[in-house]
Enquirer: 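The structure follows.
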Protein chains: 2
Amino acid sequence: MMRTIVELQQQLAPDLLEVLKRRYRILQQVGQTEYIGRRALAGVLAMTERVLRAETDFLKAQGLLDIRQSGMQLSDSGRQLLDQLAPTMKELAGLTELEERIRSRYGLRKVVIVSGDSEASEHVKRELGRAGAQVLRGYMAPGDVVAVTGGTTMAHVAGQLSSQRPLADIRFVPARGGLGESVDYQANTIVSTMAKRTGAQYRLLHVPDHLGEEAYQSLMQEPNIREIVEVIRSARIVLHGIGDAMVMARRRKEAEPAVAAMRSEGALAEAFGFYFDRSGNVVHRMPTAGLRLEEIQTAEVVIAIAGGRGKGEAIAAVMRFGHDDVLITDEAAALEMLRTFEADADEV
Amino acid sequence: MMRTIVELQQQLAPDLLEVLKRRYRILQQVGQTEYIGRRALAGVLAMTERVLRAETDFLKAQGLLDIRQSGMQLSDSGRQLLDQLAPTMKELAGLTELEERIRSRYGLRKVVIVSGDSEASEHVKRELGRAGAQVLRGYMAPGDVVAVTGGTTMAHVAGQLSSQRPLADIRFVPARGGLGESVDYQANTIVSTMAKRTGAQYRLLHVPDHLGEEAYQSLMQEPNIREIVEVIRSARIVLHGIGDAMVMARRRKEAEPAVAAMRSEGALAEAFGFYFDRSGNVVHRMPTAGLRLEEIQTAEVVIAIAGGRGKGEAIAAVMRFGHDDVLITDEAAALEMLRTFEADADEV
DNA sequence: AGTACCGGGACATATTTAGTCCCGATTATG
DNA sequence: CATAATCGGGACTAAATATGTCCCGGTACT
């Protein structure tokens with residue numbers, strides 16, 4: 001498989017691509033306007049004045065921008081560069097467009113798409129994690145409680161999360177108890193990794209995820225359990241993965257009748273312990289000593305992160321549930337989501 | 001003319017390419033070694049430990065490098081990336097190789113080559129200026145006197161030179177007096193621009209460059225002239241352009257007999273007021289109230305900067321003169337220099 | 001057992017970046 | 001012709017980041 005130069009560069013210098021993208025956006029925007037001023041431009045591009053200024057100073061030094069007292073404009077070589085750069089940048093801009101389409105169709109606040117297919121490439125999975133970590137960092141504010149689920153994707157987020165200054169007033173908590181999985185991918189483990197990497201606080205929930213009603217009730221009588229559960233339920237930010245319903249059911253060792261019932265009800269996706277059909281209806285739930293639907297609905301920022309072509313449909317299902325604010329996914333899954341959307345539209 | 005992606009990127013983000021290059025160099029070096037430690041690697045690559053560490057940490061996070069207690073090694077995907085990147089990087093590495101060839105053949109301390117032909121493209125000219133400014137910054141030390149000649153190339157260097165912190169204890173001086181040229185390209189103008197852009201001191205030499213012996217002698221009796229000339233002659237760093245002999249002679253309005261004499265002597269190149277034949281012998285000089293040959297020979301750092309295919313031969317001639325330490329040029333001129341070198345080798 | 005080199009921790013300091021406000025000049029507008 | 005809005009660029013502080021340097025415990029080879 002031949003990878004494009006952009007993908008190669010994304011591996012060797014992902015943050016540099018962001019710079020490239022930003023400068024390109026500036027050139028593009030300036031190109032669309034006759035004369036535009038720094039502050040006006042900063043407004044359009046949603047940058048602060050100073051950052052934009054650093055870039056325009058640079059672009060001016062490169063001779064790509066003419067800056068005069070009446071505003072700025074592309075120079076001849078700037079316009080020329082913009083044209084020549086277009087095909088290369090389409091790859092990046094293409095994702096931006098894809099992001100916007102997914103965003104508006106599923107009514108989300110924000111969508112971030114990394115290029116590639118995380119099923120096919122370990123590197124894309126890491127990229128997904130990086131993007132997730134970056135988004136999460138952007139939303140965290142002092143005093144926040146961040147509830148996090150498990151999974152390999154989330155483990156990647158944890159691995160890419162960092163902070164120079166310790167965020168001592170942020171608490172990470174698991175959204176749910178433990179699954180019978182490798183310890184590396186359990187919510188508890190991930191929570192502790194995230195907290196360590198950012199210098200934040202964390203609380204763990206040492207309770208099996210899969211509980212009968214009775215056991216659940218009696219556990220909830222325990223004061224120390226209650227306390228941490230209350231913290232969890234106060235989460236302002238929820239960061240969760242999305243799984244395939246049947247795979248998750250098996251992993252959770254759901255009873256066979258329940259699995260059969262779910263299947264017949266069209267269970268397709270799983271997220272934070274709930275099972276969804278393709279329309280985003282909850283078809284199965286389990287008593288949990290963690291986040292309930294209420295908290296998902298009331299949490300201020302619900303961030304979903306999942307990728308891989310095979311997960312496209314599942315992601316679409318959960319997005320239709322309608323309580324997510326932000327989605328971080330990969331190109332393959334995003335394209336699959338669009339296809340799903342269009343197929344459904346045709347049916348109607 | 002279709003430009004390659006590397007060239008496009010060089011316009012939009014030249015410094016980012018340096019980062020790319022650096023990371024590639026690291027991968028390459030690590031790939032050539034079985035296991036290598038951080039400090040050893042820093043030595044080989046001439047980087048400080050900390051900078052290298054930042055990069056290796058990054059490359060590790062990208063999964064391109066395996067770091068263990070016994071040292072570091074390329075990971076599988078690192079090796080793969082290195083292979084896939086090779087053709088793209090050849091463009092940059094090609095210049096590095098070219099630099100080394102020029103460097104060793106002309107016995108220089110350092111050679112920097114920017115890609116392209118500054119005769120053909122304004123952008124390459126600017127790049128040349130940027131490279132020159134960068135090199136100069138690298139050599140400047142507190143207390144230095146920097147002597148600078150005129151010319152359009154040098155004007156570009158001045159335009160790209162900058163310093164965040166004022167370099168108040170550095171003095172810029174013109175290497176010679178004024179030529180009858182546009183004021184923008186005169187040494188005096190350039191000196192003042194450089195000083196302003198770096199917060200340095202400067203002294204000007206208000207004396208015509210083209211002087212008869214008598215006038216020269218009487219001017220040198222002037223105490224204030226003498227003083228600045230002494231400063232000029234104490235320069236530790238000399239930054240000069242290189243011109244075509246005949247073009248410069250005409251610009252300097254040399255007397256016709258002198259021009260004819262020079263021509264018959266094979267004058268090919270001009271630099272800091274001296275004319276050189278193709279072997280680097282001085283075939284003509286003029287009394288100057290500026291740098292003399294002695295100072296060129298004793299100055300600690302003599303930096304030549306000139307580009308353009310048509311100047312290749314002239315640059316080669318001045319390099320053979322043998323008192324330059326550093327050459328900054330462009331790809332077109334460098335290739336021409338190599339051709340010149342080989343043609344001469346054949347003759348012998 | 002000793003030595004040399006390994007990665008990683010730590011930390012003071014230098015440098016860069018970012019946010020913000022001000023200013024005089026210029027242009028559009030009434 | 002006057003006035004308001006907008007322009008680029010200067011200035012300055014606070015915050016973030018990069019850098020040089022040394023130390024440490026572990027490991028591998030001698």
Side-chain angles (χ1 to χ4, degrees), chain A residues 13 15-16 18-19 22-23 26 29-30 33-61 63-75 134 137-138 140-142 159 161-168 196-199, chain B residues 13 15-16 18-19 22-23 26 29-30 33-61 64-75 134 137-138 140-142 159 162-168 196-199:
Chain A
D15 24 340
L16 302 202
E18 315 256 313
V19 177
R22 184 167 65 212
R23 290 187 182 160
I26 294 173
Q29 190 62 45
V30 173
T33 331
E34 183 122 11
Y35 274 107
I36 188 165
R38 194 195 332 135
R39 272 164 275 245
L41 189 57
V44 176
L45 295 171
M47 297 181 178
T48 61
E49 193 190 322
R50 197 61 186 75
V51 173
L52 176 70
R53 186 168 170 184
E55 298 296 359
T56 53
D57 282 355
F58 170 86
L59 292 171
K60 181 189 175 188
L64 303 171
L65 226 48
D66 274 345
I67 301 189
R68 343 185 164 178
Q69 289 188 322
S70 47
M72 49 190 125
Q73 219 183 7
L74 287 189
S75 72
Q134 195 179 324
R137 243 195 325 270
M140 286 193 296
L161 198 62
S162 70
S163 169
Q164 13 299 131
R165 211 187 20 179
L167 305 169
K196 275 176 201 152
R197 292 186 64 97
T198 54
Chain B
D15 24 342
L16 303 202
E18 315 256 312
V19 177
R22 184 168 65 211
R23 290 187 182 159
I26 294 173
Q29 190 61 46
V30 172
T33 331
E34 184 124 10
Y35 273 108
I36 188 164
R38 192 193 336 133
R39 271 164 274 247
L41 189 57
V44 176
L45 296 170
M47 297 180 177
T48 61
E49 194 190 323
R50 196 63 186 74
V51 173
L52 176 69
R53 188 167 168 185
E55 297 295 0
T56 54
D57 283 354
F58 170 85
L59 292 170
K60 181 189 175 189
L64 302 171
L65 225 48
D66 273 345
I67 301 188
R68 345 183 162 181
Q69 289 190 322
S70 46
M72 50 190 124
Q73 218 184 6
L74 288 189
S75 72
Q134 194 179 322
R137 241 193 330 268
M140 286 193 296
S162 70
S163 169
Q164 11 299 129
R165 213 186 18 177
L167 305 169
K196 273 176 202 153
R197 292 187 64 96
T198 55

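By convention in this document, chain letters (A, B, ...) are assigned in the order of the sequence lines, proteins followed by strands, and residues within each chain are numbered from 1. We use all heavy atoms of the structure for the numbers below, so side chains are in, but hydrogens, waters and symmetry mates are not.
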Enquirer: For M47(A) and dA18(C), what is the distance between atoms CE and P respectively, to the nearest whole Å?
Expert: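 My rounded result for the distance is 11 Å.
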Enquirer: Within this structure, what is the CG-to-P distance between L52(A) and dA18(C), rounded to whole angstrom?
Expert: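 That distance rounds to 11 Å.
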Enquirer: For the CG atom of L16(A) and the CG atom of L16(B), what is their distance to the nearest 0.5 Å?
Expert: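 Taking CG in L16(A) and CG in L16(B), the distance rounds to 5.0 Å.
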Enquirer: For R197(B) and dG10(D), give me the distance from atom CZ to atom P, rounded to whole Å.
Expert: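 From R197(B) CZ to dG10(D) P: 10 Å.
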Enquirer: Taking the side chain as C-beta and beyond, is there a heavy-atom pair between L74(A) and L64(A) under 4.5 Å?
Expert: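 Side-chain contact under 4.5 Å: no.
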Enquirer: Which sits closer to the 5' end of DNA chain C, D57(B) or A54(A), going by the nucleotide each is nearest to?
Expert: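 The 5'-side residue here is D57(B).
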Enquirer: Within this structure, what is the NZ-to-P distance between K196(B) and dG10(D), rounded to whole angstrom?
Expert: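 So the two atoms are 13 Å apart, to the nearest Å.
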Enquirer: Measure CZ/R68(A) against C1'/dG24(C) and give the value in whole Å, please.
Expert: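 In whole Å, dG24(C) C1' and R68(A) CZ are 20 Å from each other.
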Enquirer: Between CG of L52(A) and CE of M72(A), what distance do you get to the nearest 0.5 Å?
Expert: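 Going from the CG atom of L52(A) to the CE atom of M72(A) covers 5.5 Å.
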Enquirer: Side chains of T56(A) and K60(A): closer than 4.5 Å at any heavy-atom pair?
Expert: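 Side chain of T56(A) against side chain of K60(A), heavy atoms only: no contact under 4.5 Å found.
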Enquirer: What contact category does I36(B) fall into here, base, sugar-phosphate, or nothing, at under 4.0 angstrom with non-hydrogen atoms?
Expert: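 The residue I36(B) makes sugar-phosphate contact but no base contact.
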Enquirer: Under 4.0 Å between any heavy atoms, over every strand shown, what does A40(A) touch: base, sugar-phosphate, or nothing? Just pick one.
Expert: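 Sugar-phosphate: the residue A40(A), judged by heavy atoms under 4.0 Å, touches backbone atoms but no base.
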Enquirer: Choose from dG20(D), dC6(C), dG8(D) the nucleotide whose nearest atom is closest to any side-chain atom of R39(B).
Expert: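 Minimum distance to the R39(B) side chain belongs to dC6(C).
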Enquirer: Any base atoms under 4.0 Å from R53(B), or only sugar-phosphate, or nothing? Heavy atoms, all strands.
Expert: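 The answer is base, as R53(B) lies within the cut-off (heavy atoms under 4.0 Å) of a base atom.
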Enquirer: Of all the nucleotides listed (dG19(C), dC22(D), dC7(D)), which has the minimum atom distance to the side chain of V51(A)?
Expert: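 Among dG19(C), dC22(D), dC7(D), the one nearest the side chain of V51(A) is dG19(C).
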Enquirer: Determine whether a donor-acceptor pair (N or O, by modelled atom type, separation under 3.5 Å) exists between the side chain of S75(A) and the backbone of G63(A).
Expert: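 At least one qualifying donor-acceptor pair exists.
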Enquirer: Between P on dC5(C) and CE on M72(B), what's the gap in Å once rounded to a whole number?
Expert: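 So the CE-P distance, M72(B) to dC5(C), works out to 15 Å.
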Enquirer: Would you mind reading off the distance between I67(A) atom CD1 and dT6(D) atom P, rounded to a whole angstrom?
Expert: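 In whole Å, dT6(D) P lies 19 Å from I67(A) CD1.
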Enquirer: Ignoring the backbone of R50(A), work out which of dA10(C), dA11(D), dC7(D) is nearest its side chain.
Expert: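 The nucleotide sitting nearest to the side chain is dA11(D).
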Enquirer: Can you tell me if the side-chain N/O atoms of Q69(A) get under 4.0 Å from OP1 or OP2 in dT26(C)?
Expert: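 Result: yes.
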Enquirer: Round to a whole Å and report the spacing from CG of L65(A) to P of dC7(D).
Expert: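 Between P of dC7(D) and CG of L65(A): 14 Å.
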